[in-house]
Amino acid sequence: MMYYVSDVPRPAEEQAHVQRSFRSHDGIAAGACMLLGFLAVRYLLFLPDGFATTALFLLMFFFAVWYHRKCGFAYTVSHKLQGGVICLFSLSFSLTDNSLLHTLAALYLIVALAWLHYSAAHGLQHTPRFLFFHLTGLFMQHAPDELGSGYKAIGQSCRSSKTGNAVRIILLGLLLSLPLTLIVAALLSSADAGVAKMLNTICDLFTEEFFSIAGQVLIAPLAGAWIFAVLYAATNTSRYPRVCDQAFETRLEGLRFLPTLGLCTAVTPICLLYVIYVVSQISYFCSAFRGNLPENMIYSQYARRGFFELCAIAVLNLLVLLVINGCCKQKNHRKPFAAKLYGCALCLFTLFIIATALAKMIMYINAYGLTRPRLYTAWFMVLLAAVFILLLVMQFRKLPAASVLTAVFTLWLGILCFARPDALIAEYNITRWEKGTLATPDWYMLCELSDDAYAVICEHWDAIDPTNQEKIQKNYDRRQQEYDQDIHNTWNLSTQYLLHCWEGNHHE
């Protein structure tokens with residue numbers, strides 16, 4: 001039995017019998033999605049991200065807003081705030097040249113766009129507790145079911161419109177005439193040298209770029225069909241009504257079958273091992289806070305070992321916490337005190353490990369400078385700490401966990417995307433090197449970073465010795481060849497600023 005927003009029990013298979021109905025704007029939207037699919041394939045998969053990618057996501061956002069309004073839905077203040085966040089994240093492609101951040105931002109925006117219109121269509125004013133299940137249903141069940149709806153909407157629109165029907169007949173005629181046209185062209189080319197020369201000239205126009213675009217055009221209908229499927233499923237509340245929290249609660253109740261005594265008994269040996277481990281290694285861990293290394297250890301070994309310990313223990317503790325929270329029997333929907341106590345202990349232990357590992361990573365950075373792995377590791381540690389702090393509070397107090405986690409992740413990801421990490425790495429290392437507190441900024445590593453770092457290197461050019469200047473110049477010349485081969489590589493503010501700085505300093 002499944003419960004929907006109306007709180008009326010209804011078998012889940014009934015929604016499959018709700019007939020699809022396409023209105024006039026659905027056909028227009030499906031056609032526009034085919035164009036968006038081509039742009040998405042071209043500027044997300046084939047070409048470097050930049051100004052065009054920003055424009056693409058903004059276009060997708062405003063198009064989805066138009067479609068949403070055509071479906072008769074309105075945005076509340078919270079939805080408008082979500083839209084503002086989406087527009088802000090879209091700018092990250094134009095501000096930085098870091099491909100990893102572009103990938104993270106693109107994944108975030110794809111999910112955020114889908115969720116915005118799903119939540120607005122279903123009247124959700126805040127992030128629901130079971131956000132993950134709603135998104136899983138949308139992307140894994142509803143959208144795949146509607147994958148062919150875009151083609152059907154276009155077909156229905158063409159059949160109901162004289163202009164659309166005429167266009168369909170013209171395209172069909174051109175497609176049927178293609179084999180005959182090729183045969184005639186081959187015969188004429190064999191019969192006359194002048195015609196052969198003209199046809200060869202035309203064939204020369206079909207460059208590698210043309211065939212690349214042709215490949216993108218072939219993939220575009222699938223991407224466009226997926227975009228429309230997500231939009232259509234998210235806004236089709238009659239065919240896919242929102243499942244109430246009560247239904248998810250009922251499912252979770254079926255998993256809560258372990259008695260508290262047995263669960264706590266099973267977890268107790270693990271907690272005792274944790275206590276023994278912390279006590280036996282207290283001097284080792286505290287070395288990180290004092291800034292001293294244990295005997296017979298180097299900084300790299302010290303920091304890496306702490307990081308892997310962090311990952312292993314954090315994952316293990318998360319699994320144990322999930323079991324405690326999800327499988328422990330409850331009385332009157334209240335978690336037993338013993339389960340709360342064990343959950344609290346696991347959270348505190350993990351936070352201790354995160355703090356020590358982060359302290360050791362700071363020691364490592366002070367000794368050898370910043371790199372991408374070190375910066376990203378520190379960023380991840382802070383995010384993980386926020387998750388466990390939330391879990392710790394939730395042991396004794398109910399909180400809107402999904403809303404808090406979504407807000408924290410959005411804020412922290414935004415800081416990472418807009419902080420331009422490669423520029424921070426270069427500025428930190430070079431500044432410390434100039435002050436004499438760092439032996440070397442690791443020029444080889446800096447040369448492997450994006451144009452964000454190169455712009456900083458250019459600003460400090462006069463302080464660099466001739467040998468390293470030559471090395472950096474060679475790497476820049478290689479990048480310049482990439483710019484000359486494909487102008488799309490320069491479509492972001494970081495690269496434009498780098499080109500301006502390099503030209504201004506006459507680094508030829």
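We number each residue from 1, following the sequence as shown. Every heavy atom of this structure was used, including side-chain atoms; hydrogens, water molecules and symmetry mates were not.
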Can you say whether the rings of Y364 and Y368 are parallel (under 30°), tilted (30 to 60°) or perpendicular (over 60°)?
perpendicular
Please check if atom CD1 in I487 has more than 12 non-hydrogen atoms from other residues, nucleotides or ligands closer than 6.0 Å.
no
Just grab all the ring-ring contact (aromatic ring centres under 6.0 Å, His included) pairs involving residues 418-438, residues at least two apart or on different chains.
W433-W443
Are the side chains of Q216 and L45 in contact, using a 4.5 Å heavy-atom criterion?
no
Are any side-chain N or O atoms of R432 and backbone N or O atoms of N366, one a donor and one an acceptor, separated by less than 3.5 Å?
yes
Are side-chain heavy atoms of L116 and F61 found at a separation under 4.5 Å?
yes
Is the shortest heavy-atom distance from the side chain of L493 to the side chain of F51 under 4.5 Å?
yes
Donor-acceptor pair, distance only, cut-off 3.5 Å: does the side chain of H142 make one with the backbone of A229?
no
Between T406 and S403, is there a donor-acceptor pair closer than 3.5 Å when you use the side chain of the first and the backbone of the second?
no
Under 3.5 Å: donor-acceptor pair, side chain of Q496, backbone of T490
yes
Contact between W379 and L375 at the side-chain level, heavy atoms closer than 4.5 Å - yes or no?
no
Give me the ring orientation class for Y476 and Y483: parallel if the planes are under 30° apart, tilted from 30 to 60°, perpendicular past 60°.
perpendicular
Aromatic rings F57 and F93: how do their planes relate, parallel, tilted or perpendicular, breaks at 30° and 60°?
parallel
So, do T235 and Y118 sit near enough that their side-chain heavy atoms are less than 4.5 Å apart?
no
Crowding at OH, Y376 (>12 non-hydrogen neighbours, <6.0 Å):
yes
Verify whether the ring centers belonging to H134 and F130 lie closer than 6.0 Å.
no
Atom CZ of F46: over 12 foreign heavy atoms under 6.0 Å
yes
Going from OG1 on T495 to CG on D97, what distance comes out if it is rounded to the nearest 0.5 angstrom?
4.0 Å
D422 side chain to S450 backbone, donor-acceptor under 3.5 Å
yes
Quick check against the 3.5 Å criterion: does R374 have a side-chain atom that pairs as donor or acceptor with the backbone of G369?
yes
For the OG1 atom of T96 and the CG atom of L91, what is their distance to the nearest 0.5 Å?
12.5 Å
Would you indicate whether the side-chain heavy atoms of Q82 and W115 approach each other to under 4.5 Å?
yes
Output for pair (Q125 CD, T76 OG1), nearest 0.5 Å, gives 4.0 Å
Ring pair (Phe, Tyr, Trp, His ring centres under 6.0 Å) between H68 and Y75, intermediate numbers included
CA-CA 9 Å; H68 197 84; Y75 290 118; 4.9 Å; yes
Polar contact flag, side-chain donor to acceptor under 3.5 angstrom, S494-D451:
no
Please round to the nearest 0.5 Å and tell me the distance separating atom NE2 of H79 and atom CG of L124.
6.5 Å
Pairwise side chain to side chain donor-acceptor pair (under 3.5 Å) hits with a residue in residues 84-94, at least two apart:
T54-S94
A side-chain contact here means heavy atoms from C-beta on lying under 4.5 Å apart; do E434 and I430 qualify?
yes
Would you say the side-chain atoms of Q469 pair up with the backbone N or O of I464, donor to acceptor, closer than 3.5 Å?
yes
